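Working notes, beginning with the structure itself.
All residue numbers in this chain count up from 1 along the given sequence. Given the structure is predicted, the values throughout are model-derived calculations rather than measurements.
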Amino acid sequence: MDTDKLSTLLRAVQSGTVTVAEAADRLRDLPFEDLGDTLLDHHRTLRTGMPEVVFAAGKTPQQVVTIMTSLAQHALVAIATRVDAAMYAAVRAELSGAVYFERARLLAIGRVDPRDTTHYLVVASAGTSDQPVAEEAAVTSELLGHRVERLYDVGVAGLHRLLAQREILFGATAVIVVAGMDGALASVVGGLVAVPVLAVPTSVGYGMSLGGIAALLTMLNSCSPGVAVMNIDNGFGAAAFAHLVLQQRISPPGSTACA
């Protein structure tokens with residue numbers, strides 16, 4: 001249940017086209033639904049502006065099917081991250097509208113229509129090997145209704161590649177920077193733009209990158225102000241944070257626009 005659906009339902013009750021009993025039946029799963037293995041939070045969009053998102057790793061294909069089926073009935077978009085081919089096949093067999101974004105390892109049913117294309121998010125990745133995490137962030141953001149500009153393979157080994165796209169970079173409302181190895185790209189971008197920079201270290205790199213810890217420490221110790229650091233490989237977390245930033249610009253507190 002999101003704000004738009006709830007408002008539509010309440011207006012229908014007010015006009016008499018939906019009875020109180022019918023409305024109560026539709027609302028019976030608020031604030032959560034017991035699926036046996038999972039207590040699914042259908043109230044989350046009303047509280048936070050975005051639906052619960054499924055972390056599929058560690059779940060069985062059937063669990064993912066059950067959860068996505070329920071989410072799709074209650075929200076404009078149902079999203080599962082870290083989805084493998086077996087999970088997608090199981091969901092696709094039950095839900096024909098499911099779309100699999102292989103590079104992002106992400107599965108979705110539906111999407112939120114963009115309300116504003118003036119404000120946009122830039123997702124910048126240092127190297128091609130960082131793109132799976134960058135795509136998790138970019139695709140999640142697009143499914144949540146945001147315009148995304150991708151700047152890929154613009155790492156510090158060739159900064160002219162980043163600066164060649166400076167007009168796109170400088171026009172962004174927020175920037176997600178995805179980088180492994182030394183993770184230095186986040187500091188560079190943080191020193192160039194006047195908007196929030198969300199840094200995502202990746203586990204890409206040689207031995208002493210320590211599975212992303214080296215990039216994480218670099219980003220945490222950035223001397224550029226305005227850089228917030230996500231967990232290693234957490235493209236979804238960066239997209240969720242960027243969603244809050246963009247929502248503040250699109251629908252400031254006190255506005256009547258629906259999330």
Side-chain angles (χ1 to χ4, degrees), residues 1-2 29 31-95 97-112 121 123 125 130-146 148 176 178 180 198-204 211-213 215-216 228-245 247 259:
M1 178 65 70
D2 57 46
D29 292 327
F32 64 87
E33 180 182 5
D34 188 348
L35 299 179
D37 294 330
T38 306
L39 297 177
L40 199 55
D41 184 5
H42 295 308
H43 199 254
R44 191 167 301 182
T45 301
L46 294 174
R47 297 196 317 272
T48 69
M50 64 180 295
E52 181 170 9
V53 172
V54 183
F55 181 69
K59 294 180 174 63
T60 67
Q62 187 54 52
Q63 286 173 328
V64 175
V65 169
T66 300
I67 295 170
M68 290 295 284
T69 299
S70 181
L71 282 178
Q73 293 171 349
H74 290 84
L76 293 174
V77 59
I79 301 172
T81 65
R82 305 304 165 96
V83 175
D84 59 30
M87 291 174 180
Y88 169 59
V91 174
R92 180 68 177 177
E94 298 290 333
L95 300 167
V99 178
Y100 186 47
F101 300 86
E102 183 175 6
R103 189 69 166 155
R105 298 166 293 180
L106 190 147
L107 178 70
I109 302 169
R111 66 184 302 142
V112 177
L121 170 70
V123 178
S125 71
D130 299 311
Q131 284 185 19
V133 176
E135 276 296 285
E136 181 178 85
V139 173
T140 298
S141 298
E142 288 173 332
L143 291 168
L144 292 174
H146 300 298
V148 176
I176 294 175
V178 181
L198 313 175
V200 185
T202 73
S203 52
V204 171
I213 294 176
L216 173 66
V229 184
M230 304 293 114
N231 205 348
I232 297 169
D233 291 335
N234 191 5
F236 166 74
F241 197 111
H243 175 69
L244 297 178
V245 172
Q247 285 289 85

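- Note that the CG atom of L198 and the CG atom of L121 stand 7.5 Å from one another [nearest 0.5 Å].
- Nearest heavy atoms, L143 versus G110: CD2-O, 3.8 Å.
- The two residues A85 and Y100 have their closest heavy-atom pair at N-OH, 4.0 Å.
- Under a 3.5 Å cut-off, the side chain of D130 and the backbone N or O of V204 do not form any donor-acceptor pair.
- With rounding to the nearest 0.5 angstrom, the CZ atom of F55 is 12.5 Å from the CD1 atom of I67.
- Atom CG of L107 and atom CE of M68 lie 4.5 Å apart (nearest 0.5 Å).
- Nearest heavy atoms, A56 versus V64: CB-CG2, 4.0 Å.
- The heavy-atom pair separating I176 from A137 by the smallest distance is CD1-CB, 4.0 Å.
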**Asked** Can you list the steps and then say if V99 with R111 is a side-chain contact (heavy atoms from CB on, under 4.5 Å)?
**Response** CA-CA 10 Å; V99 178; R111 66 184 302 142; over 6 Å; no
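- When all heavy atoms of P201 and M230 are compared, the closest pair comes out as CD-O, 3.4 Å.
- Interatomic distance, S141 OG to H146 NE2, rounded to the nearest 0.5 Å: 6.5 Å.
- Of the candidates I79, N231, V133, V53, V53 is the only one forming a side-chain contact (heavy atoms from CB on, under 4.5 Å) with F236.
- Note that OG1 of T202 is 11.0 Å distant from CG of L216, once rounded to the nearest 0.5 Å.
- The number of heavy-atom neighbours closer than 6.0 Å to CZ of F241, taken from other residues, nucleotides and ligands shown, is 12 or below.
- The minimum heavy-atom distance between I232 and G211, with the atom names listed, is CG2-O, 3.7 Å.
- Screening residues 75-88 for side-chain hydrogen bond (donor to acceptor under 3.5 Å, both in side chains), with sequence neighbours left out, gives R82-E136.
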